[in-house]
Amino acid sequence: MTDNQANPSPSTEGAQRHIGRPLDRVDGIPKVTGRASYAYEHSEMANIAHGYIQGAAIAKGRIIATDTTEAERAPDVLYVMTHRNAPAQPEFGPPVTPTVPEVFTRARPMLSSDRVRFYDEPVALVVAETFEAARAAASLIDVRYEAETGRYDLEAHLAEAYAPQRTNAGFATDSNIGDFESAFATAAVRLDASYTTPYQHHNPMEPHATIAVWSGDDLTVYTGAQTLANFRAGMANTLQIAPERVRIVSPFTGGGFGSKLIVHADTVLAALAARVVQRPVKIAMTRQQMFANAGHRAKMRHNIRLGADRNGKLAALGHDVISATSGFEEFCEQSAVFARSLYAAENRLTRHRLVAMDTNRGEWMRSPGEAPGMFAFECAMDEMAEELGLDPIEFRVRNEPELDPENNVPFSTRNLVACMREGARRFGWERRNAVPRTMRDGRFLVGYGMAAAIRPNYLGASSARVRLGGNGHLTVQLDMTDIGTGTYTILTQIAADATGLPPSAVRVELGDSNFPRTAGSGGSWGAASAGSAVHNACLALRERIVAEARRRDPSLENLVAADVVFTNGELRLGERTERLGQLGGRLWTAGIEAEGGVERAGEAFRNFSQHSYGAHFAEIGVDTDTGEIRMRRMLTTIGAGRILNPKTARSQIIGGMVWGIGAALMEETVLDSRHGHFVNHDLAEYHVPVHADVPPLEVVFLEEHDEKANVLGSKGLGELSVCGTSAAVANAVYNATGVRVREFPITLDKLLSELA
């Protein structure tokens with residue numbers, strides 16, 4: 001900082017600004033023309049073998065015998081791996097890692113024991129010349145088990161809930177401010193309600209897949225990943241080799257939603273098998289296999305208690321969550337943490353508890369914690385508003401805090417009230433009738449609902465490398481991934497603005513662990529973290545350009561950095577103007593390079609409460625004859641710092657709104673309480689919204705720049721769009737029907753009896 005003050009950075013004053021413009025996706029053409037290579041599609045290597053995973057037919061027990069004779073005799077089979085001949089790997093370790101980062105990087109051995117910990121856990125791998133041959137041979141493996149009684153019913157074991165050491169991301173398990181129990185007991189108006197959110201599964205468009213290639217002792221892994229550094233460390237720890245021996249390549253990832261933050265069976269087994277057969281091995285999970293082996297959101301029971309005076313001022317705010325978890329690896333979504341910052345109340349209590357089940361571990365699923373937690377909590381706020389006789393927006397406004405209610409620090413920015421009021425104005429909230437079941441359109445009952453949205457803003461340590469060629473074209477490299485959110489595009493815009501180049505002169509290269517390390521894509525920290533790193537690397541490059549120009553051109557030796565302006569692909573050097581390409585051609589034909597980065601969240605995150613905010617509005621219709629729910633329209637207003645690209649940002653918000661519709665009305669995975677398997681484990685029976693389910697969606701961004709957040713003034717965006725969306729839909733269903741459903745999703749069978 002001192003050096004920069006002594007020698008001011010060159011300026012981009014007067015340059016064309018690209019941040020904030022709706023630039024088309026720079027990766028759009030490669031994607032629609034099929035030139036973008038996803039994990040299963042890389043073809044640089046020859047002689048690829050194919051693997052197929054065979055899963056366990058029980059959910060708990062041990063393998064007592066495995067006969068692979070027929071599979072090994074099958075045509076084109078190269079290798080059959082079981083726990084009897086799998087390469088040595090380290091022990092999995094305890095259910096809770098000593099630190100949070102180790103959750104992402106711990107060894108994840110496969111086929112390392114005769115124990116079966118969950119249904120469809122890999123018990124064998126067949127490698128063959130073709131996928132079809134491997135799959136056919138896998139069906140010939142005879143595995144016999146000794147089954148044990150398992151725990152598969154959350155409701156039956158609620159009394160056994162325990163307090164975890166920590167929640168996801170290291171948040172404290174409990175918070176207790178004031179005297180909640182007394183305040184709640186003496187409140188003039190009280191609400192004590194329980195809600196259930198179900199198991200859910202990610203289901204990205206691209207199934208989990210891996211190609212593993214060994215070259216001597218070095219491993220290259222082509223896969224779909226959200227965080228390359230975690231994949232690299234996880235594979236190194238599992239294979240017990242140095243991290244620098246592992247290269248992860250993931251230029252395009254076809255969706256992840258949290259399911260591609262850590263390595264899974266496909267990646268580990270492909271690497272193990274490739275080393276044995278001395279050929280590249282390709283493995284893709286089937287959609288059915290992903291339901292057991294690629295993570296899920298756990299089922300939860302939420303108990304929400306609110307106490308207020310007659311004027312609607314909250315005196316007591318409580319949120320208790322009991323969640324299912326795996327017995328062998330603990331995972332606790334921070335489902336009540338958001339409530340610690342959302343509304344004012346002097347007496348507060350939030351607690352997280354877990355029930356160990358015999359399933360695979362839960363994992364981060366889009367808006368982990370906030371999505372299920374706000375679904376329940378914002379429905380409770382709607383119920384409380386009705387008890388008080390207040391409009392739901394007015395009730396929330398009356399409980400707007402001046403400081404963070406539990407950290408007692410100011411907010412960096414907070415536009416929640418503005419989001420609600422602007423959204424209400426645009427949506428036509430004044431047309432809502434507060435009395436349920438009073439608005440009609442033919443045989444449809446019509447309802448309006450709303451909910452608030454909040455999500456923490458994060459910043460992760462990240463680095464980037466930039467290189468200006470002699471021709472004036474800029475190359476940007478970092479191991480950041482693009483999971484469909486528009487990362488290639490926004491980083492192009494950031495680099496273009498920072499260097500004064502047009503976007504057409506910028507090439508962004510992502511998804512290679514040989515590039516500088518970033519925090520990756522996840523937690524809505526990607527744009528801020530990677531973008532800040534690119535911005536700072538470009539600033540370093542500008543200073544190098546000026547220094548090199550002074551050093552190599554005698555006529556520029558007295559050049560002052562503060563006098564240099566980078567604009568429209570040119571350098572204005574005092575009274576002189578030179579094209580960057582021409583200057584590079586004269587002074588650095590081989591190019592000039594710099595690196596820059598950003599540290600993880602520091603003082604600004606401790607001294608200020610940093611969140612993104614929003615408000616969701618929904619209009620629905622319910623058929624009085626069938627109970628069928630139809631979305632009619634939705635609107636979301638967002639206050640999330642500086643919007644880097646309104647077109648890609650809008651796409652993210654729309655995707656989250658659709659996700660919220662699915663969670664409210666259809667998404668639910670059913671765990672068989674007898675045998676421990678997910679019954680509806682494909683897209684035929686795990687329902688997600690399709691085009692016919694989605695109404696017109698409107699997105700409004702409020703003008704905002706949060707200088708406390710990062711150098712760009714932006715905030716996390718993609719996951720905010722899911723927070724509270726489902727509650728807005730559920731509240732609209734109640735407004736239409738007068739039926740309050742607390743066991744989600746809201747399906748027509750839960751309405752029909754009441755509608756009759």
Side-chain angles (χ1 to χ4, degrees), residues 22-52 129-132 134-135 202-213 220-226 228 231 247-257 259-260 264 266-267 270 274 279-287 289-290 294 473 475-493 503-515 520-521 526 530 645 647-648 650-652 654-655 658 682-683 688 690-691 718:
L23 185 69
D24 290 340
R25 290 176 183 257
V26 299
D27 54 329
I29 292 176
K31 285 182 175 177
V32 300
T33 57
R35 291 188 286 111
S37 296
Y38 291 84
Y40 203 72
E41 300 171 331
H42 289 274
S43 56
E44 303 88 300
M45 65 297 296
N47 203 26
I48 297 179
H50 298 258
Y52 186 86
E129 296 290 352
T130 65
F131 169 81
E132 293 78 10
R135 180 178 59 183
H202 308 72
N203 281 301
M205 186 71 74
E206 177 197 27
H208 289 59
T210 297
I211 303 174
V213 185
T220 300
V221 174
Y222 301 85
T223 191
Q226 294 180 233
L228 269 62
F231 265 63
R247 179 189 177 200
I248 309 294
V249 179
S250 186
F252 297 97
T253 298
F257 315 117
S259 71
K260 295 174 181 175
H264 290 95
D266 58 301
T267 309
R279 287 172 58 175
V281 171
K282 174 187 290 190
I283 297 176
M285 287 191 200
T286 65
R287 182 66 61 179
Q289 287 173 334
M290 286 169 57
H473 284 243
T475 300
V476 180
Q477 293 180 329
L478 57 168
D479 79 356
M480 178 62 176
T481 58
D482 190 322
I483 58 174
T485 53
T487 305
Y488 279 101
T489 307
I490 61 168
L491 294 186
T492 297
Q493 293 173 267
S504 58
V506 178
R507 175 182 173 83
V508 175
E509 297 180 355
L510 304 176
D512 191 325
S513 61
N514 284 347
F515 295 159
S521 299
N645 183 319
K647 182 178 289 188
T648 58
R650 179 178 179 273
S651 292
Q652 288 199 63
I654 284 176
V658 173
D682 56 40
L683 291 179
V688 296
V690 296
H691 287 297

Task: Residue pair Y52, T286: steps toward the side chain to side chain contact (heavy atoms under 4.5 Å, CB included) verdict - done: CA-CA 9 Å; Y52 186 86; T286 65; 4.1 Å; yes

Open item on the list: For S521 and T481, which I'm curious about, is there any donor-acceptor pair between the side chains at under 3.5 Å?
Closed with: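 The answer is yes; a qualifying pair exists.
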
Open item on the list: Side chains of N203 and R287: any donor to acceptor distance under 3.5 Å?
Closed with: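 Yes - a donor-acceptor pair under 3.5 Å links their side chains.
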
TODO: Look up atom CD in E206 and atom NZ in K260, then write down how far apart they are to the nearest 0.5 Å.
DONE: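 So the CD of E206 and the NZ of K260 are separated by 3.5 Å.
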
- [ ] State the CG-CD distance between L491 and Q493, to the nearest 0.5 angstrom.
- [x]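 If we round to the nearest 0.5 Å, L491:CG and Q493:CD are 9.5 Å apart.
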
- [ ] Can you see which heavy atom on T489 is nearest to which on D27, and at what distance?
- [x]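 Looks like OG1-OD1, 3.8 Å.
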
Task: Considering all heavy atoms, the nearest G484-K31 contact - done: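 Answer, listing the atom of G484 first, then K31: CA-NZ, 4.1 Å.
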
- [ ] Would you indicate whether the side-chain heavy atoms of N47 and M45 approach each other to under 4.5 Å?
- [x]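 Counting from C-beta outward, M45 and N47 never come under 4.5 Å.
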
TODO: Report yes if some heavy atom in the side chain of K282 is under 4.5 Å from a heavy atom in the side chain of H42; otherwise report no.
DONE: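 The answer is no, as the side chains (C-beta and beyond) never meet within the 4.5 Å cut-off.
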
Open item on the list: I want to know whether F257 and H202 have ring centres closer than 6.0 Å.
Closed with: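 When the ring centroids of F257 and H202 are compared, they turn out to be at least 6.0 Å apart.
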
Task: Ring centroid separation Y40 to F131 under 6.0 Å - done: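 Ring centres of F131 and Y40 not closer than 6.0 Å.
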
Determine whether a donor-acceptor pair (N or O, by modelled atom type, separation under 3.5 Å) exists between the side chain of [X] and the backbone of [Y].
X	Y	result
H208	S259	yes
N645	I490	no
D482	T485	yes
T487	I483	no
T223	A39	no

Task: Derivation and outcome, side chain to side chain contact (heavy atoms under 4.5 Å, CB included), residues F231 and T267 - done: CA-CA 9 Å; F231 265 63; T267 309; 4.1 Å; yes

TODO: Just jot down the salt bridge (Lys or Arg N to Asp or Glu O under 4.0 Å) partners of E509, sequence neighbours excluded, or say none.
DONE: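 Salt bridge (Lys or Arg N to Asp or Glu O under 4.0 Å) check on E509 returns R507.
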
Open item on the list: The test is salt bridge (Lys or Arg N to Asp or Glu O under 4.0 Å); show your working for R35 and E41 and say whether it passes.
Closed with: CA-CA 10 Å; R35 291 188 286 111; E41 300 171 331; over 6 Å; no

Task: Step-by-step side chain to side chain donor-acceptor pair (under 3.5 Å) determination, D479 to S513 - done: CA-CA 5 Å; D479 79 356; S513 61; over 6 Å; no

